[in-house]
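All remarks here apply to the structure that follows.
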Amino acid sequence: EMSLKGELETKSAGYVAVITRLEAEMAKADEIAKAYAAVAKSRKNAIKHMKDTLLYAMDSCGKKEMSAGDLTIKIKNN
């Protein structure tokens, strides 16, 4: 019985160490995920702003289509 109790204490200490490490890793992963989500949101907002600005400029000039290098930009009616 004494060796069983000692084995349980040893395994419990190991479990606690692993749980503590996993909790720290989880917290770091959550932090990184939030940072990436903020970057994605910022990029999405920048893209929308640029598209809106381009649409406004084209509309102001009465253009429905423009060439920009190898790209052609067209205003679609949705």
*side-chain hydrogen bond (donor to acceptor under 3.5 Å, both in side chains) partners of Arg21, counting only residues at least two apart*: Glu25
*Under the salt bridge (charged side-chain N to carboxylate O under 4.0 Å, His left out) test, which residues partner Lys48, sequence neighbours left out?*
Asp52
*With rounding to the nearest 0.5 Å, note down the distance linking NZ in Lys41 to CG in Asn45.*
6.5 Å
_Passing option when Ile47 is tested against Lys44, Lys51, Met50 for side chain to side chain contact (heavy atoms under 4.5 Å, CB included)_ = Lys51
*What's in the same ILVMFWY side-chain cluster as Leu8, cut-off under 4.5 Å, chained through other members?*
none
*From NZ (Lys5) to OG (Ser12), nearest 0.5 Å*: 11.5 Å
Contacts under 3.5 angstrom, residues 57-73 side chains, donor-acceptor by atom type, not counting sequence neighbours:
from, atom 1, to, atom 2, distance (Å)
Ser60, OG, Tyr56, O, 2.8

*Mind checking side-chain contact (heavy atoms from CB on, under 4.5 Å) for Lys28 and listing every partner two or more places apart, or none if nothing turns up?*
Glu31, Ile32
*Just grab all the salt bridge (Lys or Arg N to Asp or Glu O under 4.0 Å) pairs involving residues 10-19, residues at least two apart or on different chains.*
none
*Donor-acceptor pair, Ser42 side chain versus Ala38 backbone, under 3.5 Å?*
no
*Just how far is it from atom CD1 of Ile19 to atom CE of Met26, taken to the nearest 0.5 Å?*
11.5 Å
_My understanding is that a hydrophobic cluster links ILVMFWY residues whose side chain heavy atoms are under 4.5 Å apart, including indirect links. Using that, what else belongs to the cluster containing Leu22?_
Val18
